[in-house]
Peer 1: 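Sending over a structure as structure tokens; questions will come in a sec.
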2 protein chains.
Amino acid sequence: MVNKNKSKTTEEKILAAARKVFTTKGMTGARMQDIADEAGMNKALLHYYFKDKDKLFENVFLAEAQKFFPKINAIFNSEETLFDKIRNFVSEYIDEILSNPDLPWFVLNEMNRDPEQFLFKVWGKENLPKPAKLLAQVEQEVKAGIIKPISPVHLLMNMISLTIFPFVGKPMFLYNLRISEKQFREIMEQRKKEIPEFIINAIKK
Amino acid sequence: MVNKNKSKTTEEKILAAARKVFTTKGMTGARMQDIADEAGMNKALLHYYFKDKDKLFENVFLAEAQKFFPKINAIFNSEETLFDKIRNFVSEYIDEILSNPDLPWFVLNEMNRDPEQFLFKVWGKENLPKPAKLLAQVEQEVKAGIIKPISPVHLLMNMISLTIFPFVGKPMFLYNLRISEKQFREIMEQRKKEIPEFIINAIKK
DNA sequence: ACTTTTGTTAACCAAATGGTTAAACCGTAT
DNA sequence: ATACGGTTTAACCATTTGGTTAACAAAAGT
């Protein structure tokens, strides 16, 4: 059997603790001692399992980022209609973030620190995100008179902003709208349908 | 005369350097020595002018946050129509951020660290942001059949997301869409009209 | 049984870092 | 010229911090 009930392996404990501390205090603000305390073990163990702080940090988030982001390209470059791409993109993105709520913050931080380095780590050398096809598709549907005239860049920005921002600004929304964690989650679930509807209403003729 | 041409006062040099370093490295990642280097002066001068690191950090951003945010309440609670509120909110917000591009990142970071503490500093004790009136107005216009049915919370989230996120995700957009600083600025200028149009299209009947 | 490997800890270390201090600098009023 | 105020600097200090080490414990091989 793989791993009975509540008994996490030491490595898992470290990762869980590290995620928690890194998320609230950021990479530079997090202390190895904090993580050790949170995990209930000796600091040296962190180094035993994950060489150093940088390696630990990467291990916490990078794996998931690597799994997730290439999916986006797949959606962008698929043969679906624009409306279906919007629906899929929003829905898949929100699902991913719901099961991994700190990912956006991590990504944003890394992109701020060193975009090239980060994109290289996540996408590999040549396989960068290519929104070109989606952008072209938008332009084409505008010309064909299927949707209202809109700059493809703005539409893409809107899709991404509507999807990601609530997670980044979560503490702000929680506090200002006085909603609970549970309500927040429900609202995000609703957004899987609300956002595509909102966007499609905005652009359809 | 107040301050000839290029000659910044020492205090201004410090603030400019601090903003730059704090913005790229974050509060915890920034080193007092980095800031001193950037400003071309001795580290002790930073402490001479601004007591300690925390005080310096607050001085960099807090003043502007305090000036800006109460404006939002004014818009939310004004007697304008919903559509005009949307136009004003987006336009004023983007203008503010354009003249102070690091503000959103700063706000998000602080809200993540300690929401209560931050809101208290920015808004004062009792004067917290109150979106209630706007939310009610949305609900009312939905009932009156002026706009399509939409949850007020989602609409508010959408407004804020569309407005703020592009600035937070700027490095991501710059790099993935291969646009220049100058182009980015132009796009943001366009968004002052694009976003309200987009939102209004999405909700008007 | 005992040896080897793996996991865990307390104590330690060197470097980095925020902050202090005492002296020097410099314009200006006496 | 000189005394004086604010300004600036080099040197220094105390603490924090990431990382190491050597010893110990627990499993796993033999």
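Order of the sequence lines sets the chain letters (A, B, ...), proteins ahead of strands, with each chain counted from 1.
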Peer 1: Give the rounded distance in Å between these two atoms: CD of B/Q33 and C1' of D/dC12.
Peer 2: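 Computing the B/Q33:CD to D/dC12:C1' distance gives 14 Å.
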
Peer 1: Quick one: is A/Y48 getting a side-chain N or O under 4.0 Å of the D/dG19 phosphate, OP1 or OP2?
Peer 2: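 So the side-chain polar atoms of A/Y48 never come under 4.0 Å of the phosphate oxygens OP1 or OP2 of D/dG19.
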
Peer 1: Starting at atom CD1 of A/I35, determine the distance to atom C1' of D/dG19, rounded to an integer number of angstrom.
Peer 2: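 Whole-Å distance recorded here is 14 Å.
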
Peer 1: In whole angstroms, how far is the C1' atom of D/dT9 from the OH atom of B/Y49?
Peer 2: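 That distance rounds to 13 Å.
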
Peer 1: Looking only at side-chain N and O atoms, does B/T10 come under 4.0 Å of OP1 or OP2 in D/dT7?
Peer 2: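 Answer no for this pair, as no side-chain N or O of B/T10 is under 4.0 Å from OP1 or OP2.
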
Peer 1: Separation of B/K13 atom NZ from D/dT8 atom P, in whole Å?
Peer 2: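 It works out to 8 Å between those atoms.
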
Peer 1: Heavy atoms from C-beta onward define the side chain here; which of C/dT9, C/dG7, D/dT9 lies closest to that of A/M41?
Peer 2: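 The listed nucleotide nearest to A/M41's side chain is C/dT9.
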
Peer 1: Could you check whether the side chain of B/K43 and the base of C/dG19 have a donor-acceptor pair of N or O atoms closer than 3.5 Å, going by distance alone?
Peer 2: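 By the distance-only test, yes, there is a pair.
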
Peer 1: A/E11 CD to C/dT8 P: how many Å, rounded?
Peer 2: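 Whole-Å distance recorded here is 11 Å.
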
Peer 1: Give the rounded distance in Å between these two atoms: CD1 of A/I14 and P of D/dG19.
Peer 2: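 In whole Å, D/dG19 P and A/I14 CD1 are 14 Å from each other.
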
Peer 1: Check A/F106, A/F50, A/F118 against A/F57 for a ring pair (Phe, Tyr, Trp, His ring centres under 6.0 Å) and give me the one that passes.
Peer 2: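 Answer after filtering A/F106, A/F50, A/F118: A/F106.
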
Peer 1: Within the structure shown, what part of the strands sits under 4.0 Å from B/F50 by heavy-atom distance: base, sugar-phosphate, or nothing?
Peer 2: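 No contact.
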
Peer 1: Can you confirm whether the side chains of B/Q33 and B/D37 place a donor and an acceptor under 3.5 Å from each other?
Peer 2: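 Present: a donor and an acceptor within the cut-off.
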
Peer 1: Between P on D/dT21 and CG on A/L45, what's the gap in Å once rounded to a whole number?
Peer 2: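 Roughly 16 Å, once rounded to whole Å.
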
Peer 1: Name the closest nucleotide to the B/H47 side chain, picking from C/dG18, D/dG19, D/dT8.
Peer 2: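 For B/H47, the side-chain atoms sit closest to C/dG18.
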
Peer 1: Can you tell whether the side chains of B/K204 and B/E141 come within less than 4.0 Å, N to carboxylate O?
Peer 2: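 Not counted as a salt bridge, because no side-chain N and carboxylate O are separated by less than 4.0 Å.
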
Peer 1: Any ion pair linking B/E38 and B/R31 (charged N to carboxylate O, less than 4.0 Å)?
Peer 2: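 No, B/R31 and B/E38 are not salt-bridged.
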
Peer 1: Return the 5'-most residue of the pair A/A44, B/N42 with respect to DNA chain D, ranking by each residue's nearest nucleotide.
Peer 2: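 First, find each residue's nearest nucleotide; the 5'-ward one identifies B/N42.
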
Peer 1: For B/R31 and C/dA16, is the shortest distance between a side-chain N/O and OP1 or OP2 below 4.0 Å?
Peer 2: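 It does not, given that no N or O in the side chain of B/R31 lies less than 4.0 Å from OP1 or OP2 of C/dA16.
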
Peer 1: What contact category does A/A36 fall into here, base, sugar-phosphate, or nothing, at under 4.0 angstrom with non-hydrogen atoms?
Peer 2: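 Counting heavy atoms under 4.0 Å across all strands, no contact is made by A/A36.
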
Peer 1: In whole Å, I'd like the distance from the CG atom of A/D34 to the C1' atom of D/dT16.
Peer 2: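 Atom CG in A/D34 sits about 11 Å away from atom C1' in D/dT16.
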
Peer 1: Between B/R87 and B/E80, is there a salt bridge with N-O shorter than 4.0 Å?
Peer 2: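 A salt bridge is absent here (no side-chain N lies under 4.0 Å from a carboxylate O).
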
